[in-house]
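Here is the structure we will look at, set down as structure tokens.
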Amino acid sequence: MGKTLSALPAERRTVHNLVSAAAAMWGDAAALHQPLGGGRYQSYSWNEYRTIAEEIALGLRSLGVGHGDIVGLASETRAEFYLADVGVMTNGSVAAAVYTSLPPMEQMKTMTACEPKAVFIENAKAMAALESAGLNGLNVPRIVLSGEAPGALTLDELRARGQAAAEADPDLLGRILGETRPADYCILYLTSGATGEPKMGLVTHNSLIANCDLGPKVLPVGEEDSTLAFLPSAHITQRMVMEMLMIRMGVPVWFSEGLSKMPAELRTVRPTFFVAPPRVWERVYASITTEIKKKPALARKLFYAALGVGSEVNRARQEGREPSLLAKSSMAFFNRVVFSKIRARLGGRMRIAASGAAPLGKVLAEFYGSIGMPLVEGYGLTEGGVVALNPVDRPVAGSIGLPLPGVEFKLAEDGELMIRSETLFSGYYKDDAASAAVLREGWLYTGDIASIDERGYVWITGRKKELIVSSNGKKIYPARIEALFKTEPLVNQIMLLGDDKPFVCALFTINPAAAEGLPGLTAGDSRDLAALVQSEAVQAEMKRVVGRINKQLADFEQIRKFRILEREFSIETGEITPTMKLRRGKVLENYRELIAGLYPTREEMV
């Protein structure tokens, strides 16, 4: 792991003090690697990280942006976002990042609501899109992070202003830093709004650094490691773990050019630590299983034999016991012949593979554990910080792990998970009523329904607001059932139905690549998605999938009817949040007539 930082004293817990400590420790070693295309990278050292952040802070001050002011950021995750983000906080201002996956009108709605005094935008193209959605109405300074744009400062020009301000007033930086206290706000998070309108959560320097200080106790990474960042920077998993915690731990960060290029990047960067949402792990799994089905019988037999042995070794690891000698010797063979080739897709050096940003299905977790790359699942939320993690050496599939040291968990009478910790947010921006509803007597009410086993491992079973209560009073938690479908290659997305209804139904979207490999599919069936969905082969396979899952469910939970949709749930239609959570209310609204057709009318029930 190499050298590690000591925890900052409570009175010095600010983001600038953290990045300064990192620069003092790791100096000219590379901290950030931004792709330039063609395999080339722009690298920034730890010293440059601190210096550029200070120049940005001074530059913002020269534009009239002061302590406590909000600064908007509209950019994909990239090195310059990190520099600007830390620069904003160094200035004592509050960094408010928007989800760039949202339509420009939605981005501007958020941006306008937080009343920024300046805005960082990724490039000229992004700025033009925001201008079409009303950016000019803000009338605040704009800075583009990459390239140039009419009416905006470049990042280099902002830094030059900062350098000039420091030359004119050598004490200015010291005064700026002296203004900032651990109790000051540093981040304004936009929540994803899965169960209602998005809110904005305020987080202090103290909360952020306290969360960072939990990292060394549970995550063995450091300067000799590397990671690949691609999640949206508006999300707490990316901001807290992949940005702030990497400063605390001294881990160099490489940035992805996008999901389409990520397979090649994983092979070239070869990260030792990697965080991805379940959706990415699901796609890798679906790709592997689809390929295996196309292999000759002998190759398929070898793979499934390997998976059986790997499963036994994985179970032993989870139970804290030694696997049998036969399993250990067989695993060594299968590891060399089968599993090493699968892990090579992800670079071949990965020591810690983590799943974050959304719940991970148990079966999916067991698959990765069986191939010798157990996924470490954790738990975090905008309002609470990152507060739970599976132990790296003994992760339990399907669990979010154990509370981090110093974090208290308890369950309310109805099973709602409650958290008490220094990492909690301070409240929602300009919404005292909503803040009071979730923060009560020092405890955060998460809205997640959970259970805690005898070992202390925590299991999330559903969202309180997403509970389905059937017409006969049976309670069904859709998240648990939907997670069972995540390892089915044909299934892309699923939403359960049944609130105040006599039985459970489901809406599915499909993975076209998996569908096109189904036996019995004709050339005409695969011409477009609509034809594919309606084909007998796809309908029959989905019926088999539902039948397999129904065997694992109680009678009242079983899916009696389903429909396959001719398009995916999407952000554009309002059905998916920027963090890929389902907005169930919007799906119900968009498919009202189709859903009504799944259930009998009152006359039919008489």
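Throughout, residue positions are numbered sequentially from 1 according to the sequence presented. Both backbone and side-chain heavy atoms feed into the values below; hydrogens, waters and symmetry mates do not.
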Closest non-hydrogen atom pair, [X] against [Y]:
X	Y	answer
L245	G215	CD1-CA, 3.8 Å
P395	P374	CG-CB, 3.8 Å
I510	M542	CG2-CE, 3.8 Å
A10	P182	O-CG, 3.5 Å

Looking only at atom types and distance, does a side-chain atom of [X] sit under 3.5 Å from a main-chain N or O of [Y], one as donor and one as acceptor?
X	Y	result
Y368	W281	yes
T446	L417	yes
R248	L5	yes
T227	F273	yes
H205	V15	yes
S207	F425	no
K341	V337	yes
S399	W459	no

Could you tell me if [Y] and [X] have a donor-acceptor pair between their side chains, going purely by distance under 3.5 Å?
X	Y	result
Y428	E383	yes
N550	R560	no
E575	T573	yes
E265	S256	yes
R283	S287	no
E366	N314	no
Y457	N390	no
T100	E76	yes
S226	R349	yes
N211	T423	no

What I want to find out is whether [X] reaches [Y] closely enough, with some N-O distance under 4.0 Å, to be called a salt bridge.
X	Y	result
R584	E482	yes
E312	R321	yes
D225	R351	yes

Run L307 and I371 through side chain to side chain contact (heavy atoms under 4.5 Å, CB included) and show every step you take. CA-CA 7 Å; L307 209 54; I371 67 170; 4.1 Å; yes
If you define the side chain from C-beta out and look only at heavy atoms, does anything of [X] sit under 4.5 Å from [Y]?
X	Y	result
P216	T4	no
I468	L497	no
I352	V221	yes
L490	F508	no
M244	L208	yes
F81	Q238	no

F569 vs Y591 aromatic rings, parallel, tilted or perpendicular, using cut-offs 30° and 60°? perpendicular
Once the angle between the rings of F334 and F339 is folded into 0 to 90°, is it parallel (under 30°), tilted (30 to 60°) or perpendicular (over 60°)? tilted
Apply salt bridge (Lys or Arg N to Asp or Glu O under 4.0 Å) to R13 and E422, showing your working. CA-CA 12 Å; R13 280 181 171 175; E422 266 195 293; 2.9 Å; yes
Rounded to the nearest 0.5 Å, how far apart are [atom1] of [X] and [atom2] of [Y]?
X	Y	atom1	atom2	result
D448	I460	CG	CD1	4.5 Å
M350	L228	CE	CG	8.5 Å
E243	C212	CD	SG	9.5 Å
K561	I595	NZ	CD1	13.5 Å

Please check if the number of heavy atoms outside K261 that lie under 6.0 Å from its NZ is greater than 12. no
Taking it one step at a time, do F230 and F274 satisfy ring-ring contact (aromatic ring centres under 6.0 Å, His included)? CA-CA 10 Å; F230 72 99; F274 184 59; 5.8 Å; yes
Salt bridge (Lys or Arg N to Asp or Glu O under 4.0 Å) partners of R563, counting only residues at least two apart: none
Under the salt bridge (Lys or Arg N to Asp or Glu O under 4.0 Å) definition, can you give me all pairs with a residue in residues 491-504, not counting sequence neighbours? none
Side chain to side chain contact (heavy atoms under 4.5 Å, CB included) between F409 and V458: does it pass, once the steps are laid out? CA-CA 9 Å; F409 279 8; V458 183; 3.6 Å; yes
Step by step, would you call E557 with K551 a salt bridge (Lys or Arg N to Asp or Glu O under 4.0 Å)? CA-CA 10 Å; E557 296 175 313; K551 290 177 182 177; over 6 Å; no
